[in-house]
Amino acid sequence: MSTATFCASFAAPTYTGLKPNKTNVLSGNESVSWSKQTVSNGSKTYCMQTWNPINNKKFETLSYLPPLSEESVAKEIDYMIKMRWIPCLEFDKVGYVYRENSRMPNYYDGRYWTLWKLPMFGCNDSSQVLKEIEECKKVYPNAYIRCLAFDNIKQAQCMAFVIQKPNTAS
């Protein structure tokens with residue numbers, strides 16, 4: 001087969017370096033306002049602050065958002081159960097990895113948190129997990145508490161988010 005059978009003619013805008021030909025971009029309408037030529041994600045994007053980096057460590061998924069309400073946590077747990085993942089609670093005094101006992105490469109203290117009871121195998125309702133969260137908060141009011149989701153088929157952690165951060169003022 002010859003190369004002529006694979007060639008097709010088409011009209012494409014001509015480019016000079018990194019600047020496109022201006023007549024092709026504006027299509028002859030030079031009276032388009034500047035605001036219509038720019039891209040915007042909506043009017044509320046300029047008034048949304050997500051995460052304060054000052055004295056505020058970033059943790060698991062959703063840590064850039066304000067603290068989750070009980071209803072939001074219940075929805076996240078319902079999603080875990082819907083995906084057939086196993087919910088699990090962990091807590092820790094520090095809440096993040098650090099180096100204290102060794103400077104060896106790949107060694108970090110605080111990598112693993114303490115498990116609150118056993119993973120909740122057979123859990124079929126978010127209220128069961130919420131009850132355990134409240135119990136953990138009562139026992140450890142000044143600890144970081146997170147909820148994890150494990151997939152027993154893939155043998156992997158699929159999801160994690162912080163439920164409670166201790167009050168730094170106390």
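- Within a 6.0 Å sphere centred on CD of Q155, heavy atoms belonging to other residues, nucleotides or ligands number more than 12.
- Annotation: the span from E70 atom CD to S126 atom OG amounts to 9.0 Å, rounded to 0.5 Å.
- At a threshold of 4.5 Å between side-chain heavy atoms, the hydrophobic network of Ile, Leu, Val, Met, Phe, Trp and Tyr places L130 and V139 in one connected group.
- Two residues are said to be in side-chain contact when any heavy atoms from C-beta on lie closer than 4.5 Å; C147 and V73 fail this criterion.
- Considering CH2 of W85 and CG of N152, their distance stands at 12.0 Å, rounded to 0.5 Å.
- In this structure, E90 and T114 have side chains that are not in contact, with every pair of non-hydrogen atoms separated by 4.5 Å or more.
- Relative orientation of the F91 and Y140 rings is parallel, given thresholds of 30° and 60° on the angle between their planes.
- Once rounded to the nearest 0.5 Å, the distance linking CZ of F150 with CD of Q157 reads 5.0 Å.
- Put simply, the side chain of K137 reaches to within 4.5 Å of the side chain of I163, judged on heavy atoms.
- Proximity of K117 to E132: side-chain heavy atoms (C-beta onward) are separated by under 4.5 Å at one or more points.
- Atom CZ of F121 sits about 4.5 Å away from atom CD1 of I86, to the nearest 0.5 Å.
- In this structure, the separation between CG on N142 and NZ on K165 is 15.5 Å, given to the nearest 0.5 Å.
- Within the 4.5 Å cutoff, side-chain heavy atoms of M159 are placed close to those of E76.
- Of all non-hydrogen atoms in A143 and Q164, the two that sit nearest each other are O-NE2, 3.0 Å.
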- Query: When you look at K131 and E135, which way does the salt bridge (charged side-chain N to carboxylate O under 4.0 Å, His left out) test go after all the steps?
  - Reply: CA-CA 6 Å; K131 181 181 168 219; E135 192 175 331; 5.5 Å; no
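- Inter-residue side-chain proximity for L115 and C88 is flagged as met; some heavy-atom pair is nearer than 4.5 Å.
- D125 places a side-chain heavy atom less than 4.5 Å from the side chain of Q128.
- Salt bridge present: K75 and E71 bring a charged side-chain N and a carboxylate O closer than 4.0 Å.
- Residues L89 and L148 form no side-chain contact, since every pair of their non-hydrogen atoms from C-beta on lies 4.5 Å or further apart.
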